[in-house]
Amino acid sequence: PLLQPEYIGKYHGIQPSYYMKNQYGDDMLINGQKVSVPSIDFKFLLKEDGAASLQQTNLEDNSRFYYDGTIKIIKDATDILKIECSLSDGKSSNPTYTLAINKSDKTAICIGNNEPEFKLEKK
């Protein structure tokens, strides 16, 4: 099933900087130093044909990364819509994010793998 028209559009949020974790949930260390991930500006674009795009901007150096992919509805309840965005940069990076959209105010929570959750707002 495709997204309802009211959920199509841009979702924007900022993921705060965080320390990378290993598979056990502990801080990842390289040469005794914790690995810091800078704060990233996320812009998801959900399209009516089931496609999705993501622009990530590193807020430390303003570098940008672009991903394209597809969306899949994984839960459609009365109050929440959960969609899975499977993305690729066309090379080696293939992230998957789950967006939990609050149907009443169209805000969302972005859930990644081993990353802190953060809030998105529909623009």
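- Here the straight-line distance linking atom SG of Cys110 with atom CD of Glu115 works out to 7.5 Å at 0.5 Å rounding.
- Counting heavy atoms from C-beta on, the side chains of Leu99 and Cys85 come closer than 4.5 Å.
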Contacts under 3.5 angstrom, residues 45-52 side chains, donor-acceptor by atom type, not counting sequence neighbours:
from  : atom 1 : to    : atom 2 : distance (Å)
Lys47 : NZ     : Ser53 : OG     : 3.0
Asp49 : OD1    : Ala51 : N      : 3.1

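- For Ser88 (side chain) and Gly90 (main-chain N/O), a donor-acceptor pair under 3.5 Å exists by modelled atom type.
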Inset, instruction - In sequence, state the C-alpha distance, the side-chain angles, and the governing distance for Ile14 and Leu59, and then conclude on side-chain contact (heavy atoms from CB on, under 4.5 Å). - result: CA-CA 9 Å; Ile14 294 178; Leu59 295 177; 3.8 Å; yes

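- Here Asn113 pairs with nothing under the side-chain contact (heavy atoms from CB on, under 4.5 Å) rule; sequence neighbours left out.
- Hydrophobic clustering places Ile71 together with Ile8 (ILVMFWY residues linked when any side-chain heavy atoms are closer than 4.5 Å, directly or through intermediates).
- In this structure, OG1 on Thr98 lies 9.5 Å from NZ on Lys72, to the nearest 0.5 angstrom.
- Using modelled atom types, no side-chain atom of Asn58 and backbone atom of Asn62 make a donor-acceptor pair closer than 3.5 Å.
- Between the CD atom of Glu117 and the CD1 atom of Ile109 there is a distance of 6.5 Å, given to the nearest 0.5 Å.
- Taking CG of Asn94 as the reference point, atom NZ of Lys91 lies at 11.5 Å (rounded to 0.5 Å).
- Applying the salt bridge (Lys or Arg N to Asp or Glu O under 4.0 Å) rule to pairs touching residues 95-109 yields Asp76-Lys103, sequence neighbours excluded.
- Take Asp79 and apply the side-chain contact (heavy atoms from CB on, under 4.5 Å) test, not counting sequence neighbours, and it matches Ala77.
- Glu84 has its side chain within reach of Thr96: a pair of non-hydrogen atoms, C-beta onward, lies under 4.5 Å apart.
- With contacts defined as side-chain heavy-atom distances shorter than 4.5 Å, the pair Asn22/Asn114 does not qualify.
- Side-chain contact between Leu81 and Ile73 is present, with heavy atoms from C-beta onward closer than 4.5 Å.
- With respect to Tyr11, the side chain to side chain contact (heavy atoms under 4.5 Å, CB included) criterion is satisfied by exactly one of Glu121, Lys123, Lys122: Lys122.
- Checked for salt-bridge contact, Asp26 and Lys21 miss the test: no charged N lies under 4.0 Å from a carboxylate O.
- Evaluation of the ring pair (Phe, Tyr, Trp, His ring centres under 6.0 Å) test over residues 65-119, restricted to residues two or more places apart or in two chains, returns Phe42-Tyr97, Phe42-Phe118, Phe44-Tyr97.
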Show every donor-acceptor pair shorter than 3.5 Å between a side-chain atom in residues 28-41 and any protein atom, with sequence neighbours excluded, or say none if there are none.
from  : atom 1 : to    : atom 2 : distance (Å)
Ser39 : OG     : Gln15 : O      : 3.0
Asp41 : OD1    : His12 : NE2    : 3.4
Asp41 : OD2    : His12 : NE2    : 2.7

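- Residues Gly13 and Leu120 come closest through the heavy atom pair N-CD2, 3.4 Å.
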